[in-house]
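Take a look at the structure set out below.
Side chains included, hydrogens not; waters and symmetry mates left out as well; all remaining heavy atoms used.
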Amino acid sequence: MDLLLRAPALSTAEAVDLARRIYGIDATASPLPSERDQNFLLQTRVVDRFVLKIANSAEARALLDAQNCALAHVARRSSLSPRLVPALDGSLLTEVTVGSGARHYVRLLTWIDGEPLATRHPLSPVMLEQLGEKVGELDAALEGFDHPAIHRDFYWDLAGGFALVRDLAPGIQDESLRTLVMRLATAIEARDGERLAHLRRAPAHNDPNDYNVIVAEAIAGILDFGDIVYTYAIADLAISIAYAVLDAPDPVAAATAAVRGYHRLRPVDDDEIGVLFGLVVLRLCMSAAIAAKQQPERPDDPYLAVSQEPIARTLPALAALDRDTVDAALRAARGRTAEETLEARRRVIGPNVSISYQHPLKVVRGWMQHLYDQSGRRYLDAFNNVPHVGHSHPRVVRAAIEQMLVLNTNTRYLHDGLAQFGERLIATLPEPLRVCYFLSSGSEANELALRLARAHTRRRDVIVLDHAYHGNTTTLIDISPHKFNGPGGDGALPWVHVLPQPDTYRGEYKRDDPRAGEKYAEHARHVRSPGAFIAETAPSVGGQIILPDRYLSSVYAIVRGAGGVCIADEVQTAYGRMGTHFYAFEAHGVVPDIVVLGKPIGNGFPLGAVITTREIAASFDNGMEFFSTFGGSTVSCAVGIAVLDVVEQERLQEHARDVGDALLARLRALPDAHPIVGDVRGSGLFIGVELVKNRETLEPATAEANDVKNRLRERGILIGTDGPFDNVLKIRPPMPFTLEDADLLARELDAALS
Ligand code: PMP
């Protein structure tokens with residue numbers, strides 16, 4: 001603590017001179033505050049700004065070296081800390097002798113624009129949560145760092161806090177504050193001492209107080225690694241909270257918000273949460289005790305006194321809180337564990353609402369082709385097709401928010417969004433598909449498609465493909481063999497006609513049969529008066545099936561010949577996923593009478609659409625109004641247009657083709673090494689890998705497929721399984737999926753199969 005007496009005292013002119021001599025920077029200098037070093041803001045004539053740091057002459061070189069290494073370590077993982085600027089000779093630490101004869105180490109750092117968080121008091125809940133998040137980001141970035149010099153005895157180390165308070169608190173002038181500080185420290189030690197002894201340790205910045213946290217529009221940086229020490233892993237969280245609660249109207253709410261933010265980036269364990277509040281109070285006690293010693297040594301330094309009045313005002317309020325209540329609130333701020341979430345869900349959600357994976361995944365955020373769990377672990381999402389242009393795509397999110405802020409109404413009012421979305425959709429489709437209806441889900445869209453077909457043909461009978469799934473309503477279950485022939489199903493109704501799935505790997509006609517498409521289509525002739533034929537253009541629930549050439553054209557001809565209309569369920573396949581075309585039906589040289597869209601068109605916002613011909617729309621216009629409360633709402637149209645914008649401007653169809661081709665090529669090498677891989681099929685980013693126990697009998701490897709899926713989940717990659725035997729690995733990622741992601745997936749799948 002003698003450091004204070006040996007703080008550097010350079011003049012501004014000396015700082016200007018150092019900047020020029022050592023760094024070749026021509027700048028003006030103005031002093032910045034510091035406890036025991038000396039800092040200058042350097043401003044060049046261009047807009048560059050730097051911080052010149054002159055270290056205390058008693059500071060060990062090894063510690064300055066440790067700070068530099070920590071700065072470099074953090075800089076590789078986060079943009080929160082300033083960066084070191086090398087001297088003209090390339091060094092990051094330069095020893096100088098100043099006019100007084102004293103020797104000092106100097107460093108130059110980049111300037112972070114903004115003002116100290118202290119100027120924003122009282123901190124809003126949003127700012128507090130962000131503070132926690134940024135401190136968590138810093139600690140996460142520090143992880144893995146080490147240096148001998150940070151294993152040190154340091155008076156600001158919380159781990160030595162009780163001894164320090166015993167030593168120095170008697171020097172606190174104000175009697176009631178002195179008594180309170182000593183009483184609080186004793187009580188915390190009695191309560192938490194045992195647990196603290198075993199607490200997780202890590203390198204800590206150790207001083208994210210609100211003068212070291214810089215805010216511009218948001219928190220932009222955390223400065224000053226001078227107090228770095230190897231200590232409790234939650235030291236930084238405790239210290240940031242200690243300063244954030246000063247004069248806070250509701251200190252518990254403030255601490256809770258910070259924990260919430262921190263925990264997302266760096267999970268806080270049970271022991272840590274139990275001692276956190278004690279450490280918050282201990283830090284303030286330490287500050288009061290240290291100030292009692294320092295202030296008489298440098299009575300005119302405002303920096304040393306800056307926290308003392310707020311501490312004297314706040315400590316009594318913190319002392320009055322019930323620790324058990326505070327701990328419970330902090331514990332709750334971490335959110336539920338995955339197990340607790342599962343239990344809570346089981347209590348209130350229907351039991352057949354299923355959950356993926358043996359160890360269910362609790363995700364807290366998504367970004368493009370990645371999902372993140374509570375611990376911050378990143379998963380490559382190779383499964384979810386709903387976030388078509390990427391999880392949380394900012395363009396789509398912004399479109400929703402901006403429209404929601406202004407107006408969200410229904411189709412009974414005039415608004416340009418509705419017609420614009422319709423025009424944009426129709427521009428992606430061939431003639432004569434020229435009339436749109438908007439709904440809120442794929443199921444609603446398929447329901448409407450059936451109503452349109454029935455209104456137009458005045459017939460009830462529907463032809464479907466085996467194993468198909470078209471939605472969750474009563475009628476759609478009736479036309480979904482995957483459901484009515486599956487567990488809990490009641491079998492086919494008389495008006496539902498099931499055609500064999502044109503599966504050229506497992507079905508009756510194989511890939512080596514050039515007429516397989518026509519032969520599968522022939523089955524449609526057995527239906528006498530079909531109202532509608534409905535099929536996914538690439539059956540997904542059916543097992544990621546690619547329909548054989550001339551299948552659709554042949555079936556459409558037969559169905560139309562018999563007076564029926566043809567519905568393409570493109571809920572899974574639209575918007576460029578197949579790579580070669582915007583819609584899957586285009587690859588088959590057909591134009592459906594009705595096209596059904598869902599999932600990807602809203603990128604997660606509930607959106608469905610039906611596009612049909614003028615003739616069919618006219619038949620449906622029979623006097624009965626069609627209305628959907630949310631379908632075609634102002635916000636959903638804004639979202640729909642934004643999604644189309646992104647698909648087009650980011651050229652996602654071409655991207656899906658390129659990445660899909662590369663991924664398929666990698667996957668097609670798997671069967672050589674893995675006899676269990678029976679078939680690899682797909683187009684663009686719509687891919688299936690079928691696992692079999694025997695390549696002759698095609699006996700499905702169902703348990704193995706499930707095992708591979710779960711192993712990949714443990715390895716950080718999400719896929720699914722599907723098909724009549726649930727033995728097809730289903731790969732259907734958000735479209736921003738990259739070549740590197742494809743490589744990773746192929747490599748990890750190879751490893752999981754091995
Ligand atoms: N059609 C197909 C092909 C689907 O895959 C789904 C959903 N899995 C639906 C329709 C129903 O869509 P939604 O769940 O949005 O009602």
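Side chain of T612 to backbone of I594: no donor-acceptor contact under 3.5 angstrom is found. Put simply, the side chain of R577 gets close to the backbone of L685: a donor and an acceptor are under 3.5 Å apart. Looking at H674, its side chain never comes within 3.5 Å of a backbone N or O of I676 through a donor-acceptor pair. Between the side chain of E570 and the backbone N or O of F585 there is at least one donor-acceptor pair closer than 3.5 Å. In terms of modelled atom types and a separation under 3.5 Å, the side chain of N384 and the main chain of V386 share no donor-acceptor contact. Using modelled atom types, one side-chain atom of Q130 and one backbone atom of I219 make a donor-acceptor pair closer than 3.5 Å. Put simply, the side chain of N410 never gets that close to the backbone of T629: no donor and acceptor are under 3.5 Å apart. No donor-acceptor pair under 3.5 Å is formed between the side chain of N727 and the backbone N or O of A705. For the pair N603 (side chain) and V643 (backbone), a donor-acceptor distance under 3.5 Å is absent. In terms of modelled atom types and a separation under 3.5 Å, the side chain of Q653 and the main chain of F582 share a donor-acceptor contact.
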CA sep, side-chain torsions, deciding dist, call: T409, T634, side-chain hydrogen bond (donor to acceptor under 3.5 Å, both in side chains): CA-CA 6 Å; T409 55; T634 328; 3.2 Å; yes
V692 vs V677, side chain to side chain contact (heavy atoms under 4.5 Å, CB included): CA-CA, chis, key distance, verdict: CA-CA 6 Å; V692 292; V677 177; over 6 Å; no
Verdict with reasoning, L670 to L667, per side chain to side chain contact (heavy atoms under 4.5 Å, CB included): CA-CA 5 Å; L670 289 174; L667 297 176; 3.7 Å; yes
Pair D726-T702, side-chain hydrogen bond (donor to acceptor under 3.5 Å, both in side chains): steps then yes or no: CA-CA 6 Å; D726 207 25; T702 304; over 6 Å; no
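Taking the side chain as every heavy atom from C-beta outward, I234 and V268 approach each other to under 4.5 Å.
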Review item, side-chain donor-acceptor pairs of residues 489-501, under 3.5 Å, at least two apart:
residue: H497; atom: NE2; partner: D461; partner atom: OD2; Å: 2.7
residue: Q501; atom: NE2; partner: G542; partner atom: O; Å: 2.8

Taking only distance into account, with no hydrogens and no angle test, what donor-acceptor pairs under 3.5 Å do side-chain atoms of residues 462-469 form with protein atoms, sequence neighbours excluded?
residue: Y469; atom: OH; partner: N472; partner atom: N; Å: 3.3

Show every donor-acceptor pair shorter than 3.5 Å between a side-chain atom in residues 350-360 and any protein atom, with sequence neighbours excluded, or say none if there are none.
residue: Y357; atom: OH; partner: I719; partner atom: N; Å: 3.4
residue: Y357; atom: OH; partner: I719; partner atom: O; Å: 2.8
residue: H359; atom: ND1; partner: E714; partner atom: OE2; Å: 2.9

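A donor atom on one side chain and an acceptor atom on the other are found under 3.5 Å apart for T738 and D741. Counted by atom type alone, Y262 and D139 present one or more donor-acceptor pairs between their side chains at under 3.5 Å.
With values rounded to the nearest 0.5 angstrom, I687 atom CD1 is found 11.5 Å from L729 atom CG. We find the CG-CG distance between L138 and L237 to be 12.0 Å, quoted to the nearest 0.5 Å. The CG atom of D381 lies 8.5 Å from the CZ atom of F737; values are rounded to the nearest 0.5 Å.
Within 6.0 Å of the CZ atom in R200, the count of heavy atoms belonging to other residues, nucleotides or ligands exceeds 12. Annotation: F627, atom CZ; neighbour count of heavy atoms from other residues, nucleotides and ligands within 6.0 Å is above 12. Heavy-atom neighbours of R195 CZ from other residues, nucleotides or ligands within 6.0 Å: above the threshold of 12.
D271 is linked by a salt bridge (charged side-chain N to carboxylate O under 4.0 Å, His left out) to nothing, counting only residues two or more places apart in sequence or in another chain. Not a single side-chain hydrogen bond (donor to acceptor under 3.5 Å, both in side chains) links Y575 to another residue, sequence neighbours left out. For E690, the salt bridge (charged side-chain N to carboxylate O under 4.0 Å, His left out) partners are R506, R681, not counting sequence neighbours. Legend: residues meeting side-chain hydrogen bond (donor to acceptor under 3.5 Å, both in side chains) with Q572, ordered by chain and number and at least two apart, are N385, S540, R732. The side chain to side chain contact (heavy atoms under 4.5 Å, CB included) check on E748 picks up L712, R715, I717, L744, with sequence neighbours excluded. Residues that satisfy the salt bridge (charged side-chain N to carboxylate O under 4.0 Å, His left out) test with D250, not counting sequence neighbours, are absent from this structure. Taking the salt bridge (charged side-chain N to carboxylate O under 4.0 Å, His left out) definition, one finds that E129 meets it with R260, R264, sequence neighbours left out.
Under a 4.0 Å N-O distance rule, the pair E143/R266 qualifies as a salt bridge. Using a 4.0 Å cut-off between charged nitrogen and carboxylate oxygen, K362 and D373 do not count as a salt-bridge pair. Look at D707 and R711 and you find a salt bridge, because one of the NZ, NE, NH1 or NH2 atoms lies within 4.0 Å of a carboxylate O, short of that distance.
Ring planes of H370 and Y372: tilted class, angle from 30 to 60°.
In terms of heavy atoms, K599 sits closest to V571 at CG-CG1, 3.7 Å.
For residues 437-451, no pair satisfies salt bridge (Lys or Arg N to Asp or Glu O under 4.0 Å), with sequence neighbours left out. Sorted by first then second residue, the salt bridge (Lys or Arg N to Asp or Glu O under 4.0 Å) pairs that include residues 323-345, not counting sequence neighbours, are R191-D324, R191-D327, D192-R323, D270-R334, R323-D327.
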